[in-house]
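Structure first, then comments.
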There are 2 protein chains.
Amino acid sequence: MAPQTRQRILDCALAMFNAQGEPNVTTNHIADELEISPGNLYYHFRNKDDIIEQLFGRYEERIGAAMTVPEGRLPGLEDIWLQLHLVFECIWDYRFLYRDLIDILSRNRRLRMRFARILKRATDNASSVIRGLARAGIVRASAAEMDALATNILVVATFWLNFGASRGDQDESKSIRLGIVQVMMLISPFLRDAERVHLNTLSQAYDD
Amino acid sequence: MAPQTRQRILDCALAMFNAQGEPNVTTNHIADELEISPGNLYYHFRNKDDIIEQLFGRYEERIGAAMTVPEGRLPGLEDIWLQLHLVFECIWDYRFLYRDLIDILSRNRRLRMRFARILKRATDNASSVIRGLARAGIVRASAAEMDALATNILVVATFWLNFGASRGDQDESKSIRLGIVQVMMLISPFLRDAERVHLNTLSQAYDD
DNA sequence: GTCTATAAATGGATAGAC
DNA sequence: GTCTATCCATTTATAGAC
C-alpha cells in the first residue's frame, strides 16, 4: 500500500494548491491530508519547491503538447478553437501556478527561465498561426498588428483566470469558455465579414 | 522628530512591497528599515493587513481620479493616450498590489469587494469611452466587440506588468510605455484607416 | 518506506517600562 | 510615542527508531 506514495503526494499537492493557493498550503497540510507523516513526505521530496518543480514538469509537457501548428496545410478558425480548448484546460488544471505566478517564479531561477521559454514558444506559435490565417485570406492585418495580437492573446490567456477571480466572478465552471471567447474576440476585428459576423453570433451563444 | 511616523511607515512599506513583493516583506523588515522597533510599528497599525488596507486606500483614490470621461464633448484618441498614462503610472506606483493580486484579495474580504468595484467602474468607463469614439465616428465595432474590447483593455492593463515579469523582460523602465502601446493596439483594428495607419507608425516609434 | 519526536528559524503580535 | 523583551504559532526540515 504505497510504492506510489510519491505520485499520491504530487496529486494531492496539486489538488490542494489549486483549491487553496500555493502560499496557503504547507508541506504539513499535504502530509495531514494524505494521512502520512511530514517525515515521510520529506523522504520523497527535498522540500516544497521540489514538489512544485515536479508539478511544473508535468505542466510543461502538457502545455507543450498543446502548442502545434497544423502540418502541411493552412490553419482555419476551427484549429484555433481546438487549440484554445487544449491550452485553457491545461491552465485550469495547473491554475495554482498562474494564481501566484510572479511569486513562484521569483523564488526559483530555473522555473523562471523555463516559464519564460514557454511564453516565448507560445507567442511564436500564436504568431505563426496568425500568419497562416493571413495567408489563407481569413484575417487581414499589418505586421505590427499581428505582433501585438499574438502578445495580447498570450496576456489574456495567461491571466484570464486571475482576472475572473479579481473581478469576483462566481461561477468558475464558466471561466474556461468565457476565456476562450474572450481570446477569439481579440481576433474578431481582423476577420473577413462573414467569419466576423459568425463569431459575434457564436460569442453570444457561448455566453449563456 | 516623529509625528509623521505613521506616514513614514506607509511610505516605507509601499517602497519595500514594490521592490521585493508583499509576501517577502514582514513587519519586522519594515521596522528594521526605518530603524524603529516592531513595537512602535504595532502602535501605529493593528497588523500588516492594516498597512495594506491604508495603502489600498491611497491607491483607490488615485485610480479613481484617473477614471473620467470628457464632459460635454466626444472623446478623441488623445484622451485615451492621456488616460492610459494616468492609469499605468498609478498601477506602477502600487505594483505590489498587482504582483500578488489574488493572494492579497483572498486574505481580505473588504479589499476583494473594493477591488471588484474598481474593476467594474473601470470597465464601465472604458465602455463609455469606446462608445464615445464610435459616436464620433472614429471607431466602428459591433456591440459584442465593444464589450469584449472594454474587458480586454482591462485584462491587459491589469496584468501587463506581471506579463513582463513572467516573460523575463529586463528593462522595467520601458514597461509602462510598452503597456500603453499594447492597449492602443487592442483598439487599432477598429479605427478608421487614417488613424489606424497613424497608430501603427506610432507604435513602432514607442517601441525603441 | 514510514513513523515519532523535535530542532531551528521565522513571523506576527503584545506587555509593560520609559 | 517609542523601546525592550518576549510569547506564541507556524513552517521547514532533520535524526533516529521501527
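The model shown is predicted, which means the values in this text are computed figures rather than measured ones.
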Whole angstrom value for the distance that separates [atom2] of [N] from [atom1] of [X]:
X: B/Asp32; N: D/dC3; atom1: CG; atom2: P; result: 12 Å
X: B/Tyr43; N: C/dA17; atom1: OH; atom2: C1'; result: 15 Å
X: A/Asn28; N: D/dT11; atom1: CG; atom2: P; result: 8 Å
X: A/Gln4; N: C/dT2; atom1: CD; atom2: C1'; result: 14 Å
X: B/Glu22; N: C/dG12; atom1: CD; atom2: C1'; result: 13 Å
X: B/His29; N: C/dG12; atom1: NE2; atom2: C1'; result: 12 Å
X: A/Glu35; N: C/dT4; atom1: CD; atom2: C1'; result: 17 Å
X: A/Tyr42; N: C/dA8; atom1: OH; atom2: C1'; result: 13 Å

Worksheet item: Are the charged groups of A/Arg114 and A/Glu60 less than 4.0 angstrom apart, N to O?
Response: yes

Worksheet item: Rounded to the nearest 0.5 Å, how far does CZ of A/Arg131 lie from CG of A/Leu74?
Response: 12.5 Å

Nucleotide of [options] approaching [X] most closely (side-chain heavy atoms):
X: A/Ile36; options: C/dG12, C/dC3, D/dT2; answer: C/dC3
X: A/Asn47; options: C/dG11, C/dG1, D/dA13; answer: D/dA13
X: B/His44; options: C/dG11, C/dG1, D/dT2; answer: D/dT2

Discussion item. With side-chain hydrogen bond (donor to acceptor under 3.5 Å, both in side chains) as the rule and sequence neighbours excluded, what pairs involving residues 79-89 of chain A come up?
Written reply: A/Arg73-A/Asp79

Discussion item. Can you give me the bend angle of the helix from C/dG1-D/dC18 to C/dC18-D/dG1? Use the axis through the first five pairs and the one through the last five, nearest 10 degrees.
Written reply: 0°

Worksheet entry | Flag if over 12 foreign heavy atoms under 6.0 Å of CZ, B/Arg110 | no

Discussion item. Quick check on D/dT2: is either OP1 or OP2 less than 4.0 Å from any side-chain nitrogen or oxygen of B/Thr5?
Written reply: yes

Worksheet item: Do B/Leu191 and B/Leu77 have side-chain heavy atoms sitting under 4.5 Å apart?
Response: yes

Fill in: Close side-chain approach of B/Thr26 and B/Lys48, heavy atoms under 4.5 Å
no

Worksheet item: Aromatic rings A/Phe159 and B/Phe159: how do their planes relate, parallel, tilted or perpendicular, breaks at 30° and 60°?
Response: parallel

Practice prompt. Give me the ring orientation class for B/Phe115 and B/Tyr59: parallel if the planes are under 30° apart, tilted from 30 to 60°, perpendicular past 60°.
Written response: parallel

Item to complete: Produce a footprint string for nucleotides 4-9 of chain D: one letter per nucleotide, 5' end first; B if the base is under 4.0 Å from any protein heavy atom, S if only the sugar-phosphate is, - if neither.
Response: B-----

Worksheet item: Given B/Thr27 and B/Tyr42, is the side-chain hydrogen bond (donor to acceptor under 3.5 Å, both in side chains) satisfied, shown in steps?
Response: CA-CA 9 Å; B/Thr27 49; B/Tyr42 276 92; 3.3 Å; yes

